[in-house]
Amino acid sequence: DWSDTGECHDHDGIHRNSGRVYRIRYGDTSSGPAKLPQNFSQLDAWLRNPNVWYARQANLMIQERAAGGIISNEWLNGLRNRYAKEKDERLALRYMHALNVAGIFSPKDGLASTHEPLRVQAIHLLRETGLSNTETIRKLAGMAGEDTARVRLAIASLLPTLESEPQLLIAEGLMAHAEDAEDPNYPLMVWYAIEPLVADGNLVTLTRLLSACRIAEIRKFIMRRVAEEYDVKRSLISNLILAQPDQAGIHLQGVADALRGVSKAETLNDWGKIAGFAAGNEVVNQLGAIFGNGQSIEKLVAVANDLNADPNTRRRAVQSLGQSNYPDLRKHLLVWVEDSQLAGISARALARFSDPLIGELIVKRLNYLKFDERSTAVDIIISRGAWTHKLLDGIESKRFNPAILSAAHARQIVQLNDPVLTERLRALWGDVSSSGEDPNAKVVENQLRRLISSDSLHTSDLSAGRNIYNQLCLSC
């Protein structure tokens, strides 16, 4: 037993040499400690006892006897017979565990069970015994294509432990179930297992995987991983997309995810044909902008200018243009930053230009941005000294509350090493402590304690306090 100091023992600590085990019982308390099984009948009674403690003790006893080489054939044969005939899934699992700790259970036998939980447990046990038997690999491959979702999930957890060829064989079956796409874990477990196969970049392997796959998310992951080495594997990417024209849209989305942040890239081989396969999909224009395709850029500009289009589609169009080398980008961004739907993403794209007028324009739009967009816009503004002056002008003229600058923003302004800026910041926002404790902190704390009383707390505005905390404290 154990306790906090002084609760049940002396005040100087727990007596470490007098540990005791207690069992609390109710009802009839006349019976003494349980007697260990002496024969299989008694052992079987323990394994079947509703109280799982008995089953665990029985397994421990079986394991110790098996390790010492003194377990009787009567026990081993009895366990085999019970496992083979048991209809109750819960009890069958107990017999499986007993056979396993006795060292006489073959997981491949469990794969043939009619009980789903037993097949799942047998798959988990294969991780302990290893998987090199060709017959078992074929059995798992068949189960991957035909068994229940729970069994397939267990097989997916086993995939990373396999060699590449059996891994590929089983993965083909696991990816063939479109209904598993909605499972929050299944696609990711399969993907993490096959990622090394995809990274090798073998055309035959990739073709087999994509041909078998019915789960869009895994398809996208495969193409994104291949496209992460875009310059080297550009031809391979084209071949994979051309091999399955009906999946061109999702494949191109994977490529676009890999090229996010890239302003310019060589055009894919047969781009005209590939773009035709995914005609109407916005990802074609996004990639076209990266490839420097004038027609794609014009379409993106048209989408961004369409006030009736979906706001998210318009924002994605601006994001794609912001990553491109479009010559007229600055002119359009200066218009879009005035649009409430596009202001945040446009301000982010304008950060690549250093014109002082741009900083002034972003500052003017601050009050029209959402809270998260406003914080990002402030990050952009304080990246340049001239733009920071415009923001401080706004604070000085009372257009902005000084709280628009977080402590992190203030420290970043100080790090610009501009004495004029630092002095203006100190006058408008307050002193900035770069490290260590503020020497005035204790004084401020005492003043706050005098101001805050139980009476004032009853009338306080919790919502306003939360907003102030989010602006001034949370970012630190």
Side-chain angles (χ1 to χ4, degrees), residues 230 256-267 271 275 282-395 397 399-400 404-405 409 412-413 416 418 421:
Y230 182 84
D257 289 345
L259 294 181
R260 184 171 292 135
V262 175
S263 61
K264 185 177 181 180
E266 290 291 324
T267 306
W271 172 244
E282 65 180 278
V283 73
V284 173
N285 294 328
Q286 293 171 8
L287 286 171
I290 297 174
F291 299 151
N293 183 287
Q295 190 176 9
S296 295
I297 290 174
E298 289 173 6
K299 289 180 179 178
L300 287 173
V301 172
V303 170
N305 285 327
D306 185 358
L307 298 179
N308 295 319
D310 176 66
N312 289 326
T313 302
R314 295 183 70 203
R315 279 190 281 269
R316 284 194 294 270
V318 175
Q319 183 179 22
S320 297
L321 288 166
Q323 297 171 359
S324 71
N325 291 322
Y326 178 41
D328 293 332
L329 178 63
R330 179 180 177 278
K331 177 183 72 175
H332 287 290
L333 288 174
L334 290 174
V335 175
W336 294 331
V337 79
E338 300 279 357
D339 187 315
S340 60
Q341 292 181 353
L342 305 179
I345 193 72
S346 299
R348 196 175 297 125
L350 282 167
R352 63 193 291 185
F353 304 101
S354 57
D355 188 339
L357 293 177
I358 291 175
E360 185 175 352
L361 185 58
I362 297 174
V363 169
K364 284 182 180 178
R365 297 298 302 170
L366 277 179
N367 283 333
Y368 301 95
L369 300 178
K370 298 176 184 177
F371 179 78
D372 55 336
E373 291 179 335
R374 190 184 308 146
S375 180
T376 302
V378 172
D379 288 337
I380 295 167
I381 293 168
I382 64 175
S383 65
R384 291 171 172 81
W387 296 6
T388 307
H389 276 294
K390 298 294 183 183
L391 178 58
L392 294 180
D393 288 343
I395 295 175
S397 64
R399 280 197 295 134
F400 307 123
I404 198 171
L405 291 174
H409 290 145
Q412 189 172 338
I413 293 173
L416 292 174
D418 183 330
L421 267 180

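It should be emphasised that the depicted structure is a prediction, and the values quoted were computed from it without experimental measurement. Starting from 1, each residue takes its place in the sequence as its number.
Between the side chain of Asn305 and the backbone N or O of Val301 there is at least one donor-acceptor pair closer than 3.5 Å.
Classified by interplanar angle (parallel below 30°, tilted 30° to 60°, perpendicular above 60°), the ring pair Phe291/Trp271 is perpendicular.
Pairs of residues two or more places apart, or lying in two chains, that qualify as side-chain hydrogen bond (donor to acceptor under 3.5 Å, both in side chains) and include a residue from residues 340-351 are Arg314-Gln341. Applying the side-chain hydrogen bond (donor to acceptor under 3.5 Å, both in side chains) test to every pair with at least one member in residues 375-384, sequence neighbours left out, gives these pairs: Asp379-His409.
For the pair Val378 and Phe400, the minimum side-chain heavy-atom distance is 4.5 Å or more. Residues Leu300 and Glu282 are not in side-chain contact: their nearest non-hydrogen atoms beyond the backbone lie 4.5 Å or more apart.
For Asn308, the side chain to side chain contact (heavy atoms under 4.5 Å, CB included) criterion is met by Asp306, not counting sequence neighbours. Residues meeting the salt bridge (Lys or Arg N to Asp or Glu O under 4.0 Å) test with Asp418, sequence neighbours left out: none. Under the side chain to side chain contact (heavy atoms under 4.5 Å, CB included) criterion, Ala349 pairs with Leu333, sequence neighbours left out.
Under the side-chain contact (heavy atoms from CB on, under 4.5 Å) test applied with Tyr326, the options Lys331, Glu298, His332 reduce to a single match, His332.
The line from CG of Leu357 to CZ of Arg330 is 7.0 Å long, rounded to the nearest 0.5 Å. Put simply, CG on Leu392 and OG on Ser397 are 10.5 Å apart, with the number rounded to the nearest 0.5 Å.
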Donor-acceptor pairs are to be reported for all side-chain atoms of residues 359-371 against protein atoms at under 3.5 Å, with residues two or more places apart or in another chain.
from, atom 1, to, atom 2, distance (Å)
Arg365, NE, Val337, O, 3.1
Arg365, NH2, Glu338, O, 3.2

Apply salt bridge (Lys or Arg N to Asp or Glu O under 4.0 Å) to the pair Lys390 and Asp393, showing each step before the final yes or no.
-> CA-CA 5 Å; Lys390 298 294 183 183; Asp393 288 343; 5.0 Å; no

